[in-house]
Amino acid sequence: MNDPLVIGGRTLESRLFLGTGKFPANAMIPEVIRRSGAQVVTVALRRVDFEAQEENILNYIDRKNCILMPNTSGARNAAEAVKIARIARAAGCGNWVKIEVINDNRYLLPDNYETIKATEILAGEGFVVLPYMSPDLAAARALVEAGAAAVMPLGSPIGSNRGLKMKEMIRILIEEIELPVIVDAGLGRPSHAAEAMEMGAAAVLVNTAIATAEDPPGMAEAFSLAVRAGRLSYLAGSPEVSRYARASSPLTGFLRD
Amino acid sequence: MSFYEQLTRCREQYSPDWVRKVRRQDVEKVLARDRLSERDFLILLSEAAEEYLEEMAVKARALTWRHFGRAILLYTPLYLANYCENRCLYCSFQAANKIRRRKLTPEEAEAEGRQIAATGLRHLLLLTGESRRHTPVSYLRECVALLSKYFASIGIEVYPLTREEYSLLIESGVDSMTVYQEVYDPDIYRELHPKGPKRDYRFRLETPERACQAGMWSVNIGPLLGLGPWPEEVFWAGLHAAYLQERYPDVEISISLPRLQPFIGNFVCRYPVSDLRLVQALLALRLYQPRLGITISTRERAELRDNLVGLGVTKMSAGSSTRVGGRLQQDSDEQFALADHRSVEEIRQMLYRKGYQPVFKDWHPLRGKEGSGWKGAQGRS
């Protein structure tokens, strides 16, 4: 299928991005990446121990076949996110970054205002910036303006597995924003991912649902298939679902009599 | 409303009798809910809830996996000094006990830190007895400055400080702090702390809040189980955690549930807490506060700790010593007896066997110009 996704000048075949926290062992990650087919893998810089051997998560990500996207987990404001991104790049993690600015530990909802500020600074420094955001049209427009390479609205709160609770808001972003819209967070089942893709999302990012499954590699493959199915459905043009019944004797039938 | 005021209100509202009147139906209703109120939390601490421990455990594990994954953060304590100005009736380090007192020089602390870092641990907790005179903030800052080369995260468990003092320590490289109220019941507190600065119940109670205000990233609180009646102590501690998380949503709040252990002296534990009660407390806390960090220390025996993994625990100590200079083969007495003597490697293997990832690093220091004061395990610059 020739349907590439281009972000930051890189052409991607896979529309499933993978998060690496929460797995029962880092050693499982290569198999999960293989079965998911993911080409973009995000890692929290706070979890990376550059000195360690066995416990260094970076040793489990084959960067010849995957783009490493460090994330700024732990940042409470734009300044901290910018610092984390710079540390990651200086340590050789490349120039992709997922901005995550969260200052509410109860719901883990992102702070769009601080995210926009960090995006502007980092895009100006040559980073390929993918900001995690609450789906809000004005904020998404500001992120486009700030130089983001894509926008990543949450489907529902991180780790909630509740699916596309923000569907209507995300649909507006897909309709209005020129950049790829990648649904990040809250997708608990492959069917949720398929739903996001059918709606026209450019990609999805999944972590918790795969990492905490009984069989993480198996679930990774299930998500991969669901993402492809959803994408194919979108491209094939799913018929509109009508909210109204079609009466057998239409009210406007007389016009054609 | 300050937490002190909230606690006073709750003590009037929920008498010990209240918990005894909880019925099975009340517990079942709570278990069907997604979000628990303070009243629901108390219901889960009742005797009636004891029958529902398995249901609580299943729910607690699912919530913990969802929010923290199948991962446990490892850390270790480093005792800098055991000088103390208090007279806590239940503690080995208290001023009246004739024990061998010691204080590490910052260089000795660095030597011990280097040994710890070689085990792969990147989260360190620095402890002292409660003596401003022997271990002033300036001394703590010196130690932190030397140790921060080796660790990604440095926490402190020292005497209660002012907000300004916490700011100074954050500037030096401290990112987390622990302070135990020990006992939330103010009458028992007064009785057990007859002398010394620790007599000030309210100053201690408001310590974690001052740390949050100073900008600490992670704050850990808890009762010392065994000093006051269960389940009240767990209830107040849970409310305290919820209070802090609500007011300081950007701070990672955690709770520990240490139980009183044998020590030097002759204090008799009046309110012993069984394994069953400890598990009930842990599960009730997880269901009440799904995102709360929960720590279990090496005070507990290995077999019990292994079984608690998977019930909601998110942090564990490993390779611990409660002696000053414990890893430098120096002579001093321990604060309390450890029950789990396993090495970091043994804990690591145990977690893998149980299907959990041992996390050695879950923080990256943001100090310094580009943010990285941490030079890695070798302390290289």
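Atoms considered below: every heavy atom in the structure, side chains included; atoms not considered: hydrogens, waters and symmetry mates. Residue numbering restarts at 1 for every chain, and letters A, B, ... go by the order of the sequence lines.
A distance of 9.5 Å separates CE in B/Met177 from CD1 in B/Ile170, rounded to the nearest 0.5 Å.
Looking at B/Ile253, only its backbone comes within 4.5 Å of chain A, counting heavy atoms on both sides. Contacts of A/Ala25 with chain B are made by both backbone and side-chain atoms, with heavy-atom separations under 4.5 Å. For a residue to count as touching a neighbouring chain, one of its non-hydrogen atoms must lie under 4.5 Å from one of that chain's; by this rule B/Pro290 does not touch chain A. For chain A, the nearby part of B/Phe68 is the backbone; its heavy atoms alone come within less than 4.5 Å. B/Tyr356 touches chain A through its backbone: at least one of N, CA, C or O sits under 4.5 Å from a heavy atom, while the side chain does not. At a 4.5 Å heavy-atom cutoff, A/Ile57 makes no contact with chain B through either its backbone or its side chain. Proximity to chain B is absent for every atom of A/Ala88, based on heavy atoms less than 4.5 angstrom apart.
Listed options B/Ala62, B/Ser153, B/Gly355 were ranked by heavy-atom pairs under 4.5 angstrom with chain A; first place goes to B/Gly355. Counting heavy-atom pairs closer than 4.5 Å to chain B, the top residue among A/Asn26, A/Thr208, A/Asn105, A/Asn161 is A/Asn105.
Between B/Ser37 and B/Asp40, the side chains place a donor N or O and an acceptor N or O closer than 3.5 Å (distance only, hydrogens not considered). In this model, no donor atom of one side chain and acceptor atom of the other lie less than 3.5 Å apart for A/Ser224 and A/Glu221. A donor-acceptor pair shorter than 3.5 Å can be found between the side chains of B/Glu209 and B/Tyr243. Side-chain contact, B/Thr64 with B/Arg61: no donor N or O sits under 3.5 Å from an acceptor N or O.
You'll find the side chain of B/Ile347 stays beyond 4.5 Å of the side chain of B/Ile72, heavy atoms only. Between B/Gln289 and B/Phe41, the closest side-chain pair of non-hydrogen atoms is not below 4.5 Å.
With hydrogens and angles ignored, the 3.5 Å screen pairs no side-chain donor or acceptor of B/Ser172 with any backbone N or O of B/Ala145. B/Lys361 places a side-chain N or O within donor-acceptor distance of the main-chain N or O of A/Leu45, the cut-off being under 3.5 Å.
Applying a 4.5 Å heavy-atom cutoff, the residues of residues 64-78 of chain A that approach chain B are A/Gly74, A/Arg76.
Partners of B/Thr119 by side-chain hydrogen bond (donor to acceptor under 3.5 Å, both in side chains), not counting sequence neighbours: none found.
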